[in-house]
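To keep things clear, I will list the structure first and then write my remarks on it.
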Amino acid sequence: MTHTPIVELLSSDSIHQEFTVKGWVRSFRANQFVALNDGSTINNLQCVVDFENTDPALLKRITVGAAVAITGTLEESQGGGQRVEIKVKEVEIEGDADPEELKKTILSPKRHTLEKLREQAHLRVRTNTFGAIMRLRSKLSFAIHEYFNKNGYYHAHTPIITGSDAEGAGEMFRVSALDPENPPRKEDGTIDYSKDFFGKETNLTVSGQLEGETYALGLGKIYTFGPTFRAENSNTSRHLAEFWMVEPEMAFCDLDGNMDLAEDFIKYVINYALENCQDDLAFLEERQTKEDQSKPAAERAAMPLREKLHFIVDNNFKRVSYTEAIDILRNSKPNKKKKFKYPINEWGADLQSEHERFLVEKHFKCPVILFDYPANIKAFYMRLNEDGKTVRAMDVLFPGIGEMVGGSQREERLDVLKEKMAALDISEEELSWYLDTRKFGTCTHSGFGLGFERLVLFVTGMTNIRDVIPYPRFPGHAEF
RNA sequence: UCCUCAAUAGCUCAGUUGGUUAGAGCAUCUGACUGUUAAUCAGAGGGUCCUAAGUUCGAGUCUUAGUUGAGGAGCCA
């Protein structure tokens, strides 16, 4: 038996025609009105049961959470809450949901905290909030692929298991097939990884950048979009141990081109969400507005969700060099009044979150791209400027999120790159394949990494990154 | 990893100065009602007060340690 997605029926004009719908009961009011949701949209379809001519035993099984198949005709609704509804001819229960058991879960029809929903991540997708978030997540993922495909980028699948331990982006998770109780050992007692599956030590990737660079220097413009793993002991609402990262890399592109791409790309995917996820965004906006009513004024969102997204799409990101930013911060009120925990005194200091927040949320009140950072606080592969002390790095900072994007123009000069690696004690042998790109036809090239979950955070207006990925992984947590 | 705060019914919370049988709303169940929209009305059931130790005649309440959660910081995307 075929069935029709609820999202289609809600905008259908096929009045009096018969349809079958399948979904989960969200509520059953007055022994008569089934609010049915099938995940195709946030909106429920009202199905009106003729309770006087229906087996009471069957009616009793129409409970919140149950999976049902309903056949009936599409009619204009007599009630005020919806345009159309189904006049039920037949109800079939596919899966019962015992109310006494269900009331112990977050499926019970009442408000739940996000923390409680997180504990039952396998059920939370059936709530309005998480249905909306996860539909948006899916649409944003599609928009990312669409953007790059439309603009001549190739999708490169960089490895998830990496044999390189010099990616330099953080602590790594080891991948091994050795028996942890009894690993093979060398004569000196250390573990003999030459006996391991790959014949060497391997890890989960912390970034596809280095491999991405090699592909950009052959395919021209590429992007990667895949899972990334960091074994950092980070316990914040902005970090995950397993997250998805978008990393474009472009040959013959300098830092300005890189910043142009980051801005254009972010605007495109946000605009895609605005145009294609209106119902879900409207719901999340209302949810945020309600939440804000119970918060002190200072913690409330500056503007409603969709207005905020439009503002991003319609306005230019502010581009500021690190040196200019330091000047702004040094002369800022909080710095003069000693409100910063880490006062800004001289050039060269690494910016703390409080400084980034001040620039983005107080001073410019829009996304900010900071560029040309001091060389000594950035990674070895970033291109050294003529001044000899700054590198062509850039960070895109977003209000409420912090660093959405981190990128740079890459150091294409072999001798300069080798010098920096030597200074940081990075093995040339280990990265010989990477250095080959600089030996054979090296060229100006740039790229960046965008944390996908941080983008989803911003677009949904959520505040904890653990709520925008189906099964969050963070220290002490790998349930499900 | 560090700092701050919290943990009481399925959920959200109240619980006075340490004192009798730990309460409310929602949810669930039973009945009534039947064009409802967080349905409504009446009634019922439901508790390892996070764990352990301690102080005390007596601990949900005080002390210590631990566990878990939240917010902030660092690391970053």
Side-chain angles (χ1 to χ4, degrees), chain A residues 26-35 43-52 59-60 63-65 75 77-82 85 87 97-120 128 167-171 206-209 225 227-247 262 290 294-295 299 340-342 350-354 356-357 377-379 395-398 401-407 448-458 463-467 469 474-477:
Chain A
R26 282 294 176 80
S27 74
F28 186 34
R29 282 186 294 272
N31 212 18
Q32 197 175 174
F33 303 99
V34 180
N43 299 306
N44 299 328
L45 177 66
Q46 174 156 287
C47 303
V48 187
V49 181
D50 180 4
F51 67 96
E52 284 165 319
L59 286 176
K60 216 171 151 52
T63 58
V64 173
E75 307 291 349
S77 178
Q78 296 170 40
Q82 55 283 316
E85 64 193 17
K87 187 178 175 188
D98 177 10
E100 285 290 347
E101 290 289 320
L102 182 128
K103 79 169 184 184
K104 294 174 188 167
T105 74
I106 51 101
L107 295 178
S108 67
K110 64 181 305 299
R111 289 189 72 84
H112 300 278
T113 59
L114 291 171
E115 292 78 37
K116 186 54 67 177
L117 294 171
R118 215 171 286 148
E119 289 171 13
Q120 298 177 36
N128 283 335
E167 286 165 343
E171 290 296 311
V206 292
S207 164
Q209 182 199 313
F225 183 9
T228 309
F229 308 88
R230 299 202 181 157
E232 302 284 348
N233 190 11
S234 291
N235 293 286
T236 81
S237 54
R238 300 181 309 281
H239 292 85
L240 291 165
E242 175 182 288
F243 64 101
W244 288 66
M245 187 151 65
V246 184
E247 294 177 286
K290 279 184 191 161
S294 60
K295 287 183 188 170
E299 289 174 26
F340 284 142
K341 194 175 171 201
Y342 299 90
D350 206 351
L351 298 181
Q352 307 291 318
S353 344
E354 59 178 349
E356 295 183 350
R357 292 183 81 124
I377 59 172
K378 289 290 182 182
D395 283 354
V396 181
L397 307 177
F398 260 61
I401 307 289
E403 192 176 337
M404 177 91 80
V405 162
F448 64 78
L450 175 139
F452 182 55
E453 282 74 19
R454 291 189 179 172
L455 175 70
V456 182
L457 259 188
F458 185 78
T463 52
N464 192 316
I465 202 162
R466 296 164 190 174
D467 294 331
I469 188 168
F474 52 101
H477 294 273

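Chain letters run A, B, ... following the sequence lines, proteins first, then strands; residues in each count from 1. Atom set for the values below is all heavy atoms of this structure, side chains included, hydrogens, waters and symmetry mates excluded.
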Stepwise side chain to side chain contact (heavy atoms under 4.5 Å, CB included) test for A:Leu455 and A:Met404: CA-CA 7 Å; A:Leu455 175 70; A:Met404 177 91 80; 4.0 Å; yes
Answer yes or no for A:Arg454 and A:Phe398: cation-pi contact, defined as NZ/CZ to six-membered ring centre under 6.0 Å and angle to ring axis within 45°. no
Is there side-chain contact between [X] and [Y], with heavy atoms separated by less than 4.5 Å?
X	Y	value
A:Gln46	A:Val48	yes
A:Phe28	A:Leu59	yes
A:Leu397	A:Glu403	yes
A:Thr63	A:Leu102	no
A:Arg118	A:Asp467	yes
A:Pro475	A:Asn235	yes
A:Glu354	A:Lys341	yes
A:Phe225	A:Trp244	yes

Does any N or O donor sit under 3.5 Å from an N or O acceptor when you compare the side chain of A:Arg230 with the base of B:rA77?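 Check passes, donor-acceptor contact within cut-off.
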Establish whether the base of B:rC76 is bridged to the side chain of A:His239 by a donor-acceptor pair shorter than 3.5 Å. yes
Whole angstroms only, please: what is the [atom1]-[atom2] distance between [X] and [N]?
X	N	atom1	atom2	result
A:Lys116	B:rC50	NZ	P	13 Å
A:Leu117	B:rA70	CG	P	12 Å
A:Arg454	B:rC75	CZ	P	12 Å
A:Ile106	B:rG69	CD1	C1'	17 Å
A:Asp98	B:rG10	CG	P	15 Å
A:Ile465	B:rG71	CD1	P	12 Å
A:Glu119	B:rA70	CD	C1'	12 Å
A:Phe474	B:rU68	CZ	P	11 Å

What distance, rounded to whole Å, do you find between the two [atom1] atoms, one in [N] and one in [M]?
N	M	atom1	answer
B:rU8	B:rC50	P	6 Å
B:rG10	B:rG72	C1'	32 Å
B:rG46	B:rG23	C1'	13 Å
B:rG54	B:rA44	C1'	41 Å
B:rU12	B:rU4	P	25 Å
B:rG31	B:rU67	C1'	45 Å
B:rU28	B:rU37	P	16 Å
B:rA22	B:rA59	C1'	13 Å

Determine: side-chain N/O of [X] to OP1/OP2 of [N], distance under 4.0 Å, yes or no.
X	N	value
A:Arg118	B:rA70	yes
A:Gln352	B:rG74	yes
A:Ser353	B:rG74	yes

Contact list (N/O, under 3.5 angstrom) for nucleotides 1-4 of chain B vs protein:
from, atom 1, to, atom 2, distance (Å)
B:rU1, OP1, A:Asn233, ND2, 2.7
B:rU1, O4, A:Asn235, ND2, 2.9

I want to confirm an ordering. Mapping A:Thr463 and A:Asp395 to their closest nucleotides on RNA chain B, which one lands closer to the 5' end? A:Thr463
Upstream residue (5' side of RNA chain B) when A:Trp244 and A:Arg238 are each assigned their closest nucleotide: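 Comparing both residues, the 5'-ward one is A:Arg238.
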Options B:rU12, B:rA77, B:rC75, nucleotide nearest the side-chain atoms of A:Glu232: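 Taking heavy atoms from C-beta onward, the closest nucleotide is B:rC75.
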Salt bridge check, A:Lys116 against A:Glu119: does any charged N sit closer than 4.0 Å to a carboxylate O? yes
A:Asp350 and A:Tyr342: CA distance, side-chain angles, deciding distance, side chain to side chain contact (heavy atoms under 4.5 Å, CB included) verdict: CA-CA 10 Å; A:Asp350 206 351; A:Tyr342 299 90; over 6 Å; no
Touch check for [X], heavy atoms < 4.0 angstrom, all strands: base, sugar-phosphate only, or nothing?
X	answer
A:Arg466	sugar-phosphate
A:Val405	sugar-phosphate
A:Leu240	base

What does the B/S/- profile of nucleotides 26-40 of chain B look like, 5' to 3', with a 4.0 Å heavy-atom cutoff to protein? BBSSS---BBBB-B-
Side chains of A:Arg29 and A:Ser27: any donor to acceptor distance under 3.5 Å? yes
Could you run through RNA chain B and flag its stems, i.e. three or more consecutive Watson-Crick or G-U pairs with both distances under 3.5 Å? B:1-7 with B:67-73, B:10-13 with B:23-26, B:28-32 with B:40-44, B:50-54 with B:62-66
Is it the case that more than 12 heavy atoms not belonging to A:Lys378 sit under 6.0 Å from its NZ atom? yes
